[in-house]
Amino acid sequence: MDTYRVAVIGARWPDISIECDVLETSPHDVACDPGATREAVLAAAADAEVILAGPRPRFDAGTLEQLRCRGIVRYGVGYDNVDLEAANRLGIMVATVPDYGTEAVALHALTLALTGLRRILDADRMVKAGTWDVQPLRPLHLPSALAAGVVGFGRIGRRLAEHLRSIGFGRVLAYDPGAPIETPGVETASLEELLAACDVVSLHAPARPDGAALLGPAEFDVMRPGSILVNTARGSLIDVDALVVALRLGRPAVAALDVFDPEPAAIDRFAPVIDQIIATPHMAWYSEESERDLRMKAAAEAKRMLDGAAPLHPVSTESET
């Protein structure tokens, strides 16, 4: 069996030329596999020194124990598919790329919010069905008459808040217990205050360590009737069963979702309220520019590991607390 210093497992692009340029290696010296099963991961990466990993391959304890790598670099911000405790125990470094895609995700969140507010999908369906009338779309409001809330105020949340202010939302509120809200024109609020006050709520928080939903029945009960909920962060932040009930009650009136738990989306779960769902396939991160940035930064982390240096963005079990 051939052995490789680097394995790329579960990448979402057709070639690894960018990675090879950064790693200063040939594609023939890099193992590649979708990583759909543990057996596939081990067949491609068992002897690799460093693994570049997409979001779908699972690196549980049983898989990690059979690897010889010194590190795993996750393409992206999340690391839900890597058992950090097992990796730490085995001396396997785990790194992520947290500083890419800010503009792409913020733009996608804003686009979803405005699509819901202006009822673009409803209008599209009406026109295609032969209806030419604004009456069924009432009421529509200008941003200046509305409040928008950002849950999670990291770099993406801050960028979205800037967009929301720039297009003239009357109020912009933010909730983040772990980060200061110091952007001019953005009000600090508790989660309950934000949900109750805002016509648009956009989630940009990390997944909870215990996997519990951030928004469940109690949170939906206080949302404004007719509001728009946007999630480009983590599918696990939303209790889907509670969301379906809440959509039937119109609070929120629309859920615009780019992330689901699990993925691909089990869209049938939304069947009773499907016309109130705007769904995109976990694409908020993507633009040609952000994808290139992600790949270059991930490969640079892998090269640092190969060279015996510490990664710039290591993850440890302490990162989960």
Look at the side-chain heavy atoms of Ile, Leu, Val, Met, Phe, Trp and Tyr, link any pair under 4.5 Å apart, and say whether [X] and [Y] land in one connected group.
X	Y	result
V150	I156	no
L84	L67	yes
L137	L117	no
L247	V240	yes
V50	V315	no

Between [X] and [Y], do the side chains contain an N or O donor and an N or O acceptor separated by less than 3.5 Å?
X	Y	result
T102	R155	yes
T280	H282	no
R38	T63	yes
E289	Y100	no
E103	H163	yes

State whether the number of non-hydrogen atoms from other residues, nucleotides or ligands found under 6.0 Å of M126 atom CE is greater than 12.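 Enclosed: over 12 neighbouring heavy atoms sit under 6.0 Å from CE of M126.
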May I have the step-by-step check of side chain to side chain contact (heavy atoms under 4.5 Å, CB included) for N231 and D258, ending in yes or no? CA-CA 6 Å; N231 189 10; D258 183 60; over 6 Å; no
Checking [X] side chain against [Y] main chain: does a donor-acceptor pair fall under 3.5 Å?
X	Y	value
D15	S17	yes
D239	G216	no
R158	E162	no
T37	A40	yes
T25	C20	no
E301	L312	yes
E193	S190	yes
D199	S227	no
Q66	G62	yes
R224	A197	yes

For L214 and R208, what are the C-alpha separation, side-chain angles and deciding distance, and is it a side chain to side chain contact (heavy atoms under 4.5 Å, CB included)? CA-CA 8 Å; L214 180 65; R208 289 180 156 186; 3.3 Å; yes
From [X] [atom1] over to [Y] [atom2], what is the distance, rounded to the nearest 0.5 angstrom?
X	Y	atom1	atom2	value
D83	E65	CG	CD	9.0 Å
L52	I72	CG	CD1	10.5 Å
Y75	T96	OH	OG1	14.0 Å
I228	I278	CD1	CD1	7.0 Å
N81	I9	CG	CD1	12.0 Å
R70	L90	CZ	CG	15.5 Å

Measuring only between side-chain heavy atoms, which start at C-beta, is [X] closer than 4.5 Å to [Y]?
X	Y	answer
Y175	I181	no
V97	R74	no
V30	C32	yes
D80	R234	yes
E19	P27	no
L237	L215	no
P180	F153	no
C198	L173	yes

Determine the sole option in L112, T111, L110 for which the side chain to side chain contact (heavy atoms under 4.5 Å, CB included) test with L114 is passed.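 When side chain to side chain contact (heavy atoms under 4.5 Å, CB included) is applied between L114 and each of L112, T111, L110, only L110 qualifies.
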Report the C-alpha separation of D99 and K297 in whole Å, then their side-chain angles, then the decisive distance to 0.1 Å, and conclude whether the salt bridge (Lys or Arg N to Asp or Glu O under 4.0 Å) test is met. CA-CA 9 Å; D99 55 345; K297 287 177 174 176; 3.6 Å; yes
Grab the two heavy atoms, one from [X] and one from [Y], that are nearest each other, plus how far apart they are.
X	Y	value
A265	F260	CB-CG, 3.4 Å
R295	I16	NH2-CA, 3.6 Å
A45	A7	CB-CB, 3.7 Å
C69	I92	O-CG1, 3.6 Å
H204	A233	CA-CB, 3.8 Å
R248	V273	CG-CG1, 3.7 Å

Checking R269 against D241 for the salt bridge (Lys or Arg N to Asp or Glu O under 4.0 Å) test, could you report, in this order, the C-alpha distance in whole Å, the side-chain angles of both residues, the deciding distance, and whether it holds? CA-CA 8 Å; R269 297 181 68 185; D241 293 335; 3.5 Å; yes
Aromatic ring proximity W13/Y286, centre distance under 6.0 Å: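 Ring-ring flag for W13/Y286: false, centres at least 6.0 Å apart.
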Just do the salt bridge (Lys or Arg N to Asp or Glu O under 4.0 Å) check on R125 and D122 with the steps written out, would you? CA-CA 5 Å; R125 284 190 289 264; D122 292 335; 2.6 Å; yes
Check the pair L203 / I238 against side chain to side chain contact (heavy atoms under 4.5 Å, CB included), numbers first and verdict last. CA-CA 10 Å; L203 304 184; I238 295 176; 3.9 Å; yes
R68: partners by salt bridge (charged side-chain N to carboxylate O under 4.0 Å, His left out), with sequence neighbours left out: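 With sequence neighbours excluded, R68 shows a salt bridge (charged side-chain N to carboxylate O under 4.0 Å, His left out) to D47, given in chain and number order.
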Under the side-chain contact (heavy atoms from CB on, under 4.5 Å) test, residues paired with D261 that sit two or more places apart: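 Result, side-chain contact (heavy atoms from CB on, under 4.5 Å) vs D261: S236.
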Begin with the C-alpha distance, continue with both residues' side-chain angles, and end with the deciding distance and a verdict on side chain to side chain contact (heavy atoms under 4.5 Å, CB included) for V201 and V230. CA-CA 6 Å; V201 175; V230 177; over 6 Å; no
